[in-house]
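Here the structure is laid out as structure tokens; the discussion comes afterwards.
Since this is a predicted model, take the numbers as computed values, not measurements. Chain identifiers are assigned alphabetically (A, B, ...) following the order of the sequence lines, protein sequences preceding nucleic acid strands; residue numbering begins at 1 within each chain.
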Number of protein chains: 2
Amino acid sequence: MSQSTTLKSISSLLNISVSTVSRALKNHPDISDKTKKKVQELAAMMDYEPNAHAISLRTNTSKLLGLIVPALSNFFYTSFLTALEEESRKHGYTLITLQSGDNTNIEQENLKLCRINHIAGLFIAISPETKNIDSFLRMEKNGVPVIFFDKVPDAENCNKVRMADEEAAIMAAEVIQKSKRKKILALFGNQEFSITKKRWKSFTGYFEKNAPATEVISVFVSSTQEAITETEKEMKQHEPDAVFCMSDEILAGAMKSIKKLKINVPKKVAVIAISNGFIPQLFDPEITYVETSGMELGKLAFNRMINYFNGQTTSQELIVPSKYVKGGSI
Amino acid sequence: MSQSTTLKSISSLLNISVSTVSRALKNHPDISDKTKKKVQELAAMMDYEPNAHAISLRTNTSKLLGLIVPALSNFFYTSFLTALEEESRKHGYTLITLQSGDNTNIEQENLKLCRINHIAGLFIAISPETKNIDSFLRMEKNGVPVIFFDKVPDAENCNKVRMADEEAAIMAAEVIQKSKRKKILALFGNQEFSITKKRWKSFTGYFEKNAPATEVISVFVSSTQEAITETEKEMKQHEPDAVFCMSDEILAGAMKSIKKLKINVPKKVAVIAISNGFIPQLFDPEITYVETSGMELGKLAFNRMINYFNGQTTSQELIVPSKYVKGGSI
DNA sequence: ATCATTTTCGCAAACGTTTGCGGCATCCGT
DNA sequence: ACGGATGCCGCAAACGTTTGCGAAAATGAT
């Protein structure tokens, strides 16, 4: 490794002290304009770049942010990451990206990596088994803010940003009700997720209250593959006239079976989904959906972090509203 | 920020020196088993975790790896990232993820972030305008290996890993030829990419050589939207009996137009693509494709990096073979 | 008991930066 | 000319770690 230019190398070339160089480069008022100019010019010439490790060590701060998600193969998380990376870069932060694989042990390992690298803040979508969030609260007590997103814990005393899960499910339910469909196959994700619970409760609750005659068949699946088999089974057995999918992965599976069985959409069966926005448009007709944008959530999460840095440290739960996107599937 | 436990805090509690604690924790033979035990037990009790910044500063090494991609909204890159993150974690490295937005300036900014954070190695898919790779070569000269992947420069004196672009295009061409189709709409990406050039040359070259009677209409598009409009135009104008798409984004656009025009696949028109593997299966019939797996490439790239760390520093170009996946679209 | 060897540990410097403090010049007002 | 204020800069410590070297203590050989 060839040595890069440091404050010291600049200082010795100019026969001034390291501290003067340091202050000159940050426009400290103690330094005369003449030396400032000298230093800054030489620094530019020598391509001086500060050593982040030295700064972190000395100041006990860093420009690193941590992100932990269950899996990046999930569209929602990659679009969250896309937005988060962009915002981070614009504000001078650098992102450390980690996957937990929905495994609590790996999640803790990743958390440790975050601590070791002394990140300035953490964004995390917790894995389903994670009940105990003490280690995260401890981070926050140590001055490292933790923003939970999407898959958030139930606890009150923490910062969360999430989609309007209840609202999204209700919007979908309303659309189905208006279409006069009477027998709905409702496909949800892993029952352990609070996000699933919220959506299920809102969706089924809506019909109980506003259209009790409507039959809602709730099915919980935890993979695209399972969505395929369950949809096929239910379509044959109950012949529903509407299908609701709470995520892109589930939608992909459900549509596979619907096409295989050659069931006409929307004539024979209406389809509506909650989605991140890309997948529904691949089908013909395009699937009507309620959008939960990972990018929007990413921006919001980053803003929350910045506000935390600026002193707003009391716990909040922020919610991104949903957006109805009309396709031709209902 | 509450202070974490350090070598010093451990040493003062045990009334021994910092250096002894340091050595005890790494099983240095100079330290007696008795003190080793004492130190390690206390360290475990106090949840000691080394400070990565201090280590990096002192040893001039780091466990950070950099990744720069044009955009994470591209499926291929997210699957590359998925694999790379996994491998990195397993080997004790932490990943810094950056997007360039296909912009040379941002790319250089990101490179600077990598230097400032003193990464141990860099993976990069360069943006199309990047002609001059001096800044990357300089990194390598400074001891930081650079692995170019997917979008690789033409230069010889650098390390590259990429998909078998020529082979993939030829595999697709062979399948089309066997299907006896005679007029092919071939959709390629941005003409600036070396990857596009390679695929175009191989694909058209194959027909010139093996089936000169076949008409190949090559069209270059640089977005899904453009793929939609161009496909519609070409389908109407030339009525091809086969469509070749060199990427997932293009496939999504092409299929949109084909469905809109209600053209039967595969009867009226055959479709074949080069793809990362998820999108083709969403259609009905499933699209036949040649797989270029981002995850495979990610694993290979990481391996190359490790080998570099172990002394294999001479430039290499590694290539992942393609895989033919049969659908029902041809 | 003596000396040589080995075991076990501590000292101190170094990595690159920031920052409180103190010191020397220079300047101003009287 | 004198005192005080001000401008400009350097010293040195500190962040947490690693590591060459030397020194003390323990062990072994004779």
Could you tell me whether the phosphate oxygens of D:dG10, OP1 or OP2, come under 4.0 Å of any side-chain nitrogen or oxygen in A:Ser17?
-> yes
Of the nucleotides C:dC11, C:dT17, D:dT17, which one has an atom closest to the side chain of A:Ala54?
-> C:dT17
Check: B:Val144 main-chain N/O paired with B:Asn142 side-chain donor or acceptor under 3.5 Å = no
Within less than 4.0 Å of OP1 or OP2 of D:dC15, is there a side-chain N or O belonging to A:Thr59?
-> no
Atom-to-atom span, CD1 of A:Ile55 to P of C:dT19 - whole angstrom | 10 Å
A:Leu57 CG - D:dG16 P separation (whole Å) = 7 Å
Specify the separation, in whole Å, of atom CG of B:Asp30 and atom P of C:dC11.
-> 16 Å
How do B:Ile31 and A:Pro50 order along DNA chain C: which one's closest nucleotide is nearer the 5' end?
-> B:Ile31
DNA chain C contacts made by residues 38-47 of chain A, counting heavy atoms under 4.0 Å | none
Kindly determine whether B:Leu42 and B:Leu14 satisfy side chain to side chain contact (heavy atoms under 4.5 Å, CB included), including the steps that lead there.
-> CA-CA 9 Å; B:Leu42 184 59; B:Leu14 293 175; 3.7 Å; yes
Could you check whether A:Thr6 gets within reach of a base, just the sugar-phosphate, or nothing at all, counting any heavy atom under 4.0 Å?
-> sugar-phosphate
Has the side chain of B:His28 got a donor or acceptor atom that lies under 3.5 Å from a matching backbone atom of B:Asp30?
-> yes
Do any pairs count as a ring pair (Phe, Tyr, Trp, His ring centres under 6.0 Å) and have a residue in residues 55-76 of chain B, sequence neighbours left out, and if so which ones?
-> A:Phe278-B:Phe75
Name all pairs fulfilling the salt bridge (Lys or Arg N to Asp or Glu O under 4.0 Å) condition that reach into residues 78-89 of chain B, sequence neighbours left out, sorted by first residue then second.
-> A:Glu109-B:Arg89, B:Glu86-B:Lys90
Indicate the ring-plane relationship of B:His91 and B:Phe302, choosing parallel, tilted or perpendicular according to the 30° and 60° boundaries.
-> tilted
Any pair with a residue in residues 125-147 of chain A that passes ring pair (Phe, Tyr, Trp, His ring centres under 6.0 Å), sequence neighbours left out, goes on the list, sorted by first then second residue, please.
-> A:Phe136-A:Phe148
Qualifying salt bridge (Lys or Arg N to Asp or Glu O under 4.0 Å) pairs with a residue from residues 110-129 of chain B, counting only residues at least two apart or across chains = A:Glu49-B:Arg115
Looking at C:dC15, does its base get a donor-acceptor pair with the side chain of B:Ser56 below 3.5 Å?
-> no
Nearest-0.5 Å distance, OG1 of residue B:Thr314 to CG of residue B:Asn159 | 7.5 Å
Side chain of A:Ser11, backbone of A:Ser17: donor and acceptor closer than 3.5 Å?
-> no
Go through the N and O atoms of the side chain of A:Ser32 and the base of D:dC9, and report whether any donor-acceptor pair is under 3.5 Å.
-> no
For nucleotides 24-26 of chain D, print each protein N/O atom paired with a nucleotide N/O atom at under 3.5 Å, atom names and distance only.
none

For B:Thr35 and C:dT8, is the shortest distance between a side-chain N/O and OP1 or OP2 below 4.0 Å?
-> no
A:Asn27 CG to D:dG7 P: how many Å, rounded?
-> 16 Å
Is the backbone N or O of B:His118 less than 3.5 Å from a side-chain atom of B:Ser62, with the two atoms forming a donor-acceptor pair by type?
-> yes
A:Arg23 (side chain) and D:dG7 (base): donor-acceptor pair under 3.5 Å = no
Could you tell me the separation between the NE2 atom of B:His28 and the C1' atom of C:dC9, rounded to a whole number of Å?
-> 11 Å
Between P of C:dC24 and CD1 of A:Ile16, the distance in whole Å = 20 Å
Comparing A:Thr20 with B:Thr20, nearest DNA chain D nucleotide closer to 5' gives the residue A:Thr20
Measure the distance from NZ on A:Lys26 to C1' on C:dG16 and round it to the nearest whole Å.
-> 12 Å
How do A:Ser19 and B:Ser19 order along DNA chain C: which one's closest nucleotide is nearer the 5' end?
-> B:Ser19
For atom CG of A:Asp33 and atom P of D:dG7, their distance in whole Å | 12 Å
Would one find a side-chain N or O of B:Lys8 under 4.0 angstrom from OP1 or OP2 of D:dC15?
-> yes
Base of D:dC15 paired with side chain of A:Asn60 (donor-acceptor, under 3.5 Å) | no
